[in-house]
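Bear in mind that the values here come from a model prediction, so they are computed numbers and not experimental data. All heavy atoms count here, side chains included; hydrogens, waters and symmetry mates do not.
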Amino acid sequence: MGSGDLAGSLLAAGFLDRLNLFVYPITLGTGKRIFSGDGGVPAAFTFAEPPQVFPSGVLRLVYDRTGEPVTGLDAGS
């Protein structure tokens with residue numbers, strides 16, 4: 001449905017403000033990363049909509065970008 005490479009480049013360019021992720025309950029071996037392993041651009045996201053589970057077990061997650069991530073000791077303040 002989409003390309004992790006394209007999403008990563010749009011995120012790095014500042015053009016991506018929402019993620020629509022579909023998680024399928026299968027394993028196919030080594031798999032593919034959603035975004036490339038080159039470090040990417042740090043970004044924080046929050047739920048934009050409640051998670052939705054389909055009868056097949058597929059999980060839909062919708063996130064809005066909220067700015068820079070907060071990590072470590074700053075996360076509690």
Side-chain angles (χ1 to χ4, degrees):
M1 291 181 54
S3 166
D5 294 333
L6 175 60
S9 64
L10 292 173
L11 180 62
F15 295 132
L16 188 106
D17 58 0
R18 178 169 276 196
L19 291 176
N20 290 281
L21 301 177
F22 290 83
V23 179
Y24 291 81
I26 61 172
T27 58
L28 298 173
T30 59
K32 181 179 178 184
R33 291 183 173 271
I34 295 176
F35 302 105
S36 64
D38 62 0
V41 176
F45 292 86
T46 58
F47 276 120
E49 299 176 13
Q52 180 180 9
V53 180
F54 295 94
S56 63
V58 173
L59 177 63
R60 177 179 179 245
L61 303 168
V62 180
Y63 293 96
D64 280 339
R65 187 172 182 173
T66 57
E68 297 299 318
V70 177
T71 60
L73 298 176
D74 294 336
S77 41

Query raised in the report: So, D17 and R65, do they make that salt bridge, N to O below 4.0 Å?
Result: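 Salt bridge absent between D17 and R65.
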**Report entry** In one Ile/Leu/Val/Met/Phe/Trp/Tyr side-chain cluster, 4.5 Å: V23, F45
**Finding:** yes
**Report entry** Verify same cluster id: V62, F22 (apolar side-chain graph, 4.5 Å)
**Finding:** no
Query raised in the report: Does the side chain of L21 come within less than 4.5 Å of Y63's, by heavy atoms?
Result: yes
Report task. I would like to know whether N20 and R60 meet side-chain contact (heavy atoms from CB on, under 4.5 Å); could you show each step before the answer? Result -> CA-CA 7 Å; N20 290 281; R60 177 179 179 245; 3.6 Å; yes
Query raised in the report: In this structure, are over 12 heavy atoms from other groups packed under 6.0 Å from F15 atom CZ?
Result: no
Query - Residue pair P69 / A43: nearest heavy atoms and the distance that separates them - result: CD-N, 3.6 Å
Query - Considering all heavy atoms, the nearest R18-A48 contact - result: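 Taking R18 first and A48 second, the nearest heavy atoms are NH2-CB, 3.2 Å.
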Query raised in the report: Out of curiosity, L61 CG to F47 CZ, how far, rounded to the nearest 0.5 Å?
Result: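 Reported value, rounded in 0.5 Å steps: 5.5 Å.
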